[in-house]
Student: 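Questions regarding the structure given below will be posed in turn.
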Amino acid sequence: MCGISAVTGSEDIVAILYESILNLEYRGYDSCGLGVVGNGNVTVRKNTGGVEEVNRKEHLTKLKGKTGIAHTRWATHGKVSRENAHPHNSADGQFSIVHNGIINNYEDLRDELMAQGVVFKSETDTEVMAHLLEKTFQETGDIEQAFIQSVKRLEGSFAFCMVSARSQQTIYCVRQGSPLVLGLGTKSNFVASDVNAFLQHTRKALVLEDGEYATVTPDSVTVRKTADGSLVSRKPIRIEWDAETSRKGGYAHYMLKEIFEQPQTIRNALAATQEGVERIASQIRERRDTYMMGVGTTHYVAQAGQYFFSSLAGKYLPVVSSDEFVDLAVVGPQDMVMAISQSGETYDTRRGIAHAKDQGARTASIVNVMGSSLSMSTDEVIMQGSGPEICVVSTKAALAQMVILLRLALETGLQEGTLAAEQYDESYSHLKALPDTVTAVLNERSGFVRNLADKTVGYRNWLMLGRGIYYPMALEAALKLKEITYLHVEGMAAGFLKHGTLALVDEEMMSFFLVPTPEEKELNQHTISAIEEVKARKGPVIGIAFENDKRALKLLDHAIELPPTPPLVAPLLELVVAQLFSYFSALKLGRSIDKPRNLAKSVTVG
Ligand code: AGP
């Protein structure tokens, strides 16, 4: 959504503060700014554009000071403009804030403040807090009290960092529905939306929970409950991610790096807690229903999970996308809800879990980001261990989640007795061999994938089609292609095509098929029939197929050929190729690959 950051230290912190929003830019990047305490006020420099662009315009790194805040924005309220960029100052320049989230009652507060003569400079909900602070300080004469009393006037989900010229070296920060984590350094202390902001400087983190606020100085951190000011004592956690993993490592884009990291992230997913897998599997068996829930990519991951549980455990697990969960799912104490989320902060997914808990259901989650809200709020959690996923477009995290769902399905089948031990063992051997297969395919087929992308990127309209387990793979592949190329791509079930969508097919509509292995005879045959339906209407057809599938290779105009692969892992291998195809298509079109227009890595608002 947005990236907020604050640093206070014994020496000049501007370079660290600037670097922190460079590291948070994947969270939103339509505008940004810095505010630094000094000379009796808070000096703010901000503008539209990415962090480096704004630095060129505003010379952010020329600022000087030992305490400051920073922000990189994904617009929710108010257009992308310099005035709407953060930080926002109070009228007297004594208070400055950065904000992530939404203040639902900002219009009432804005009216109240304007009636008191306050002149607003922006269209944002955030600016309301800056003026509330000034007004409340005039009544209390105490900054901490002014901060908390102002926070208590707000309704919605938010995380704030505030600095004041009246308290030179103190950061005031609060968490209510949007992520906020403290970094405990040696010469400086940090506050940020996530650990990527300060990982180069400290691995020691203290995660705030909703309803808590903190006052942070260069050598102290005090956490209290917003409601009553009672002290909170919490042990810091150690962030195992290394800073290097967060950087590009020589790749042109984070997306390419993260695609090529997948052999390792598959191994990490295979190494994730077996005890957790066994516990959740036994819960799935005991519960009336286990819903899987995610949104965007993680919704498609959940849909892939349905096929794993159906084929390996003989169980149907309902899937509802997070945004629809509260309105559609029927859950109670006899059920479980399993959330899937890379960031662990997605608003809709967190709202679904909160609803499930309200209904008395058990909850579980598969999450990547350590210390994230979801990872701390469900009864069970499996940390997928994929390392930082910086590209807005999810690749390695999604594949790792699928591996974990496969493990859960295998475990459930084994416990249930619907899966023989030898099939369980054979399946695990295929999973353990997958990383090397992915490495080989990435190394040997990338050139062909790129040529095909270059050849076909001129098509404006696409269908991405798959059947059975290849259907959710097609949905995810479609999302990949559309979100980084901005082409119109519709993912759908291959079997659905003849029930209407075939009307769209002509020479201008490109159809991309994910063809099952020839061993999956019926699935393969049905997919080939769909290819023939398209060809009969003169539609161009390309796709991914296996070397030993002569019929598919003959039918497709162009095919990305894969080595013969066990059906259990073949869909995952095809997804990797589809990811790479999307990458090269976007590269050819000159798109902003790691930060596509209009998007943000973690959507923490409803
Ligand atoms: C996928 O490429 C997108 N980044 C988006 O659909 C994402 O998967 C979705 O917003 C869910 O995010 P989460 O996994 O962090 O909850």
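Just so it is clear, the values below take in all heavy atoms, side chains as well, and ignore hydrogens, waters and symmetry mates. All residue numbers refer to positions in the sequence shown, counting from 1. Read the numbers this way: they start at 1 and go in the same order the structure lists the ligands and their atoms.
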Student: Sort out for me which residue in Asn196, Val181, Leu199, Asp194 forms a side chain to side chain contact (heavy atoms under 4.5 Å, CB included) with Ile239.
Tutor: Leu199
Student: State plainly whether the residues Arg287 and Asp335 are in salt-bridge range, i.e. N to O under 4.0 Å.
Tutor: no
Student: Taking side chain to side chain donor-acceptor pair (under 3.5 Å) as the test, write out the residues that go with Ser193, two or more places apart.
Tutor: none
Student: His201: which residues meet the side chain to side chain contact (heavy atoms under 4.5 Å, CB included) condition with it, sequence neighbours left out?
Tutor: Ile16, Glu19, Phe190
Student: Does any pair with a residue in residues 476-496 pass ring-ring contact (aromatic ring centres under 6.0 Å, His included), and if so which ones, sequence neighbours excluded?
Tutor: none
Student: Are the charged groups of Arg175 and Glu212 less than 4.0 angstrom apart, N to O?
Tutor: no
Student: When you look for protein heavy atoms under 4.0 Å from ligand 1, which residues do they belong to?
Tutor: Val295, Gly296, Thr297, Thr298, Ser341, Gln342, Ser343, Thr346, Val392, Val393, Ser394, Leu479, Lys480, Glu483
